[in-house]
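As structure tokens, the structure follows; a few thoughts come after it.
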Amino acid sequence: MPPSHPSYTKSMAAMADIYLTHRKDRKAYARCYKEVVDKQPSQQNFLIFGDALLSIHEPADAIKAFKQALDLEPGRTDVEL
């Protein structure tokens, strides 16, 4: 599915879930979310990427993702680390 498709992020999240749940492949799980932020770098996608990294116990990389989310919209006050 191309990144321009409206269901792209949902399909990548579903693929990530398959990698983690059924294959126990944490790296492939993280790669799915990384691909989303590479193709569609939005604050929301970086926050989701950070949450995904936290869920697989990668806090240092999660912090980087959260900081990138804040950098995209520095004036937002409703997003905190």
Side-chain angles (χ1 to χ4, degrees):
M1 177 174 304
S4 59
H5 193 280
S7 296
Y8 174 73
T9 54
K10 272 188 177 180
S11 66
M12 292 303 289
M15 186 183 312
D17 185 55
I18 290 168
Y19 279 125
L20 187 62
T21 305
H22 300 288
R23 294 191 176 181
K24 310 294 186 221
D25 188 342
R26 295 174 12 170
K27 288 184 181 190
Y29 172 80
R31 271 196 311 271
C32 288
Y33 287 103
K34 176 71 170 118
E35 184 176 326
V36 170
V37 297
D38 287 345
K39 305 282 185 187
Q40 298 180 355
S42 69
Q43 185 179 54
Q44 181 65 30
N45 287 341
F46 274 105
L47 292 172
I48 292 168
F49 182 39
D51 286 339
L53 290 167
L54 279 179
S55 74
I56 59 170
H57 308 286
E58 296 290 344
D61 290 333
I63 289 170
K64 290 176 191 174
F66 292 139
K67 285 183 179 179
Q68 286 178 297
L70 289 174
D71 289 345
L72 287 175
E73 294 184 48
R76 278 190 66 180
T77 58
D78 60 329
V79 177
E80 295 182 22
L81 291 179

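Counting from 1, the numbers follow the sequence of the chain as shown.
- Annotation for Ala30 and Leu53: closest pair CB-CD2, 4.0 Å, computed over non-hydrogen atoms.
- Under the side-chain hydrogen bond (donor to acceptor under 3.5 Å, both in side chains) rule, Glu58 has a single partner from Lys64, Lys27, Arg26, which is Arg26.
- Following chains of ILVMFWY side-chain contacts shorter than 4.5 Å, one can reach Leu20 starting from Ile48, so the two form part of one hydrophobic cluster.
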Query raised in the report: Yes or no on side-chain contact (heavy atoms from CB on, under 4.5 Å) for Phe49 and Val36, after CA distance, side-chain angles and deciding distance?
Result: CA-CA 8 Å; Phe49 182 39; Val36 170; over 6 Å; no
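- The shortest side-chain heavy-atom distance between Lys39 and Met12 does not fall under the 4.5 Å cut-off.
- In this structure, CD1 on Ile63 lies 8.0 Å from CG on Leu54, to the nearest 0.5 angstrom.
- Leu70 CG to Gln43 CD: the interatomic distance, rounded to the nearest 0.5 Å, is 6.5 Å.
- Taking CG from Asn45 and NZ from Lys34, the interatomic distance works out to 12.0 Å, rounded to the nearest 0.5 Å.
- The minimum heavy-atom distance between Leu47 and Ala69, with the atom names listed, is CD2-CB, 3.7 Å.
- What you find for Tyr33 and Ala16 is that their closest heavy atoms are CE1-CB, 3.4 Å.
- Taking the side chain as every heavy atom from C-beta outward, Asp51 and Phe66 approach each other to under 4.5 Å.
- The stretch residues 1-16 participates, sequence neighbours left out, in these side chain to side chain donor-acceptor pair (under 3.5 Å) pairs: Tyr8-Glu35.
- Distance CG/Asp17 to OH/Tyr29: 7.5 Å, rounded to 0.5 Å.
- To the nearest 0.5 angstrom, Ile56 atom CD1 is 13.5 Å from Tyr19 atom OH.
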